[in-house]
Amino acid sequence: MEKIIEVEGLTKKYGDYTAVDNLNLSIAKGEVFGLLGPNGAGKSTTILMLLGLTEPNSGRAKVCGIDPVQSPISVKKKVGYLPEDVGFYEDLTGFDNLVYTARLNNIPQDQAEQKANELLEKIGLGKEKFKKTGKYSRGMRQRLGLADVLIKNPEVIILDEPTLGIDPTGVKAFLQLIVKLSREDGITVLFSSHLLHQVQQVCDRVGIFVEGKLLAQGNIKDLSAQLFSTNSFVVQGGIKPLKLNGSENTVPVEKLSDRLKAIPGVAQVSFDDQKFEIQAEQDVTHMVSQAIVQAGYGLTFLSKKEFGLDDIYSRYFQ
Amino acid sequence: MDGNIISKIRLKLPDKWPDWLFQKPSEQVSLKPFWAMVAKDISDHLRSWRSIILFAIIVLTCVGSLYTSISEISESMQGSDAENSFFFLNLFTMTDGSLPSFFVFISFLGPLLGISLGFDAINSEQNKGTLSRVLAQPIPRDYVLNAKFLAGIIVVSILFFSLSFLVMGAGLIILGTPPSAEEFLRIITYTLMSVVYVSFWLNLSVFFSVKFKQPATSALSGIAVWLFFTVFYPLLVNFITKGLEPSRYAPPRIIYMYEKIKFALVQIIPNELFSEVSSTLLVPSVRSLGPLTTEQVHGAIPGPLSLSQSLMVVWPQLTGLVALTLICFLFSYLLFMRREIRSR
């Protein structure tokens, strides 16, 4: 796989405080990579270093094979960057703002106008393009920001907390737009966020970033395997005693618990009233259901728990 | 001790700093984005209410001073002196006392214009979140500063040149005499100098706008510097010179030295530099600025100087003004170029 962003031992210090600590990261072409971490973890600093907007204390970064410290301008030709809480010239229209960005990228006026029109349609601001950006809503500003990033035909786009402050439907639409654009044009996307669900929805891979260190990276399945390597299967369910013709063949819950524990592979069983959770080394769902029915209970529900980023996240920050 | 300081400075410089200083730019950059930025900044200036109000104030005061100078001229005009005594320049310098003359107005309002055009140049972009977006585009960072500066200068030049030409045109119609070639050149040079003067204040306020996050702070600092130079510094100089004042019977050498010091102390005030420049340019009979001894004046024929001679008289002042402008520019550069730009 061709690597488009490569970072080796990148470190940034502000006085005694280490914002980014010996970061190693590589992102392949066409990938959607999520940089996940709490506020102040060093995500934005990393992004600034990738763009040459701030200089690392040590280490090396390569974006599209170019060193951003040596030649920031060449990097910025290929990388579109949407800063956190992007601002536009409020007394200009959305269209004019886009054309201005295009002009800064040395795109001639007529091409710039054509491109701006196309992009505004694409992001769904075609009707509002001649409205001043001061009157735009937060979500519209973010979408305009995306167009602003795309107008230079970037190979990589870097989005810093792009979904901050947008309502849930807006977030969904925005993220789908990003993924669609990335897939259509083969653009590599790096975005930072502290909101897990969004990252989970769209990213091919995520990196978990805490206090300047990258704790883990990989896709969500890998991450959960890394984290929950033992007892990675969890089955949850609810039971209710079956009172068949008043017969007394329902066994007590304690006994059922013992029976469940006896199933090969099951490590832990916990009951809470009529709900239970089983941690196991492998998939034991079918045997669990059999044991429960034999014990004279019916299942109210039974599900295999999949680990989401929430679990991964909370496991890291425990 | 000296060696110590030099080695300390060396340590602060990057390794191989001569290479670094004289290396060829590694990246090809185009000037087109720069002109796009200048055009945008100019249109921002022209559209903003702030500049419109300022322009209105300046135009009105200039019309007022033109009116007083014309009424004074028509009273004092004698048929004989229209021919030879740089009559036309009186439009810029003469007044009947009710309002200051044109050039006094310019030296008074120029700083205000410069400060108001520059005080929010960088910090407002930072606060609006547009600076980090602009710097994410493939442009060298100094384009931002240079464009702000150049746009300000262009706006000021357009304003001042049109004002000067308007005054000349009004003078032509009302007085009925055209300016001579020399008068015309003097007026043009004077206008150029006032642009330089305003560009000093512009640069100072751009520097403050890089330094301070809040536009209000930077505007106030600009005005504070202006007030310091117009009100407090002359006061301070007064105190100092009062203490140094020699007795009336002191030898001429001492008196001469005293006058020299008095003159030198006010030479770092930009307002003073500019008023010396403008009075020398607009009043050709001004032959010198500092104190002169009797031997120096001996044999001098009283009469107007030619433009080139007037320029030579004010050359030091001119150099001083340009140097002050460059120093402000340098400091904004130093602050801005290596700063980390965060969004908002």
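All chains are named by letter (A, B, ...) in the order of the sequence lines, taking the proteins before the strands, and each is independently numbered beginning at 1.
Annotation: residues 36-44 of chain B contacts chain A through B:A36, B:M37, B:K40, B:D44 [non-hydrogen atoms, separation under 4.5 Å]. Residues of residues 6-21 of chain A having a heavy atom under 4.5 Å from any heavy atom of chain B, listed by number: A:K12, A:Y14. Interface residues of residues 137-153 of chain B toward chain A, defined by a heavy-atom distance below 4.5 Å and sorted by number: B:Q137, B:P138, B:I139, B:P140, B:R141. Taking non-hydrogen atoms and a 4.5 Å limit, the residue list of residues 102-122 of chain A in contact with chain B, ordered by number, reads A:R103, A:L104, A:N105, A:N106.
Atom CG of residue A:L48 and atom CG of residue B:L135 lie 10.5 Å apart, to the nearest 0.5 angstrom. Of the inter-residue distances, the one linking B:E340 atom CD with A:T45 atom OG1 reads 6.0 Å to the nearest 0.5 angstrom. Taken from OG1 in A:T54 to CZ in B:R339, the straight-line distance is 12.0 Å, to the nearest 0.5 Å.
Your options are B:E125, B:R133, B:K32, and the one with the most heavy-atom pairs under 4.5 Å with chain A is B:R133.
Between B:V134 and A:Y89, the shortest heavy-atom distance links the atoms CG2-OH, 3.4 Å. Scanning all heavy atoms of the two residues, the minimum distance from B:R47 to A:D91 falls at NH1-O, 4.2 Å.
For OH of B:Y333, the number of neighbouring non-hydrogen atoms (other residues, nucleotides, ligands) closer than 6.0 Å is greater than 12. Within a 6.0 Å sphere centred on NZ of A:K62, heavy atoms belonging to other residues, nucleotides or ligands number more than 12. Within 6.0 Å of the CZ atom in B:F331, the count of heavy atoms belonging to other residues, nucleotides or ligands does not exceed 12. Surrounding CD of A:E211 are at most 12 heavy atoms belonging to other residues, nucleotides or ligands under 6.0 Å away.
Only the side chain of A:K152 comes within contact range of chain B, judged by heavy atoms closer than 4.5 Å. Only the side chain of A:L92 comes within contact range of chain B, with heavy atoms under 4.5 Å apart.
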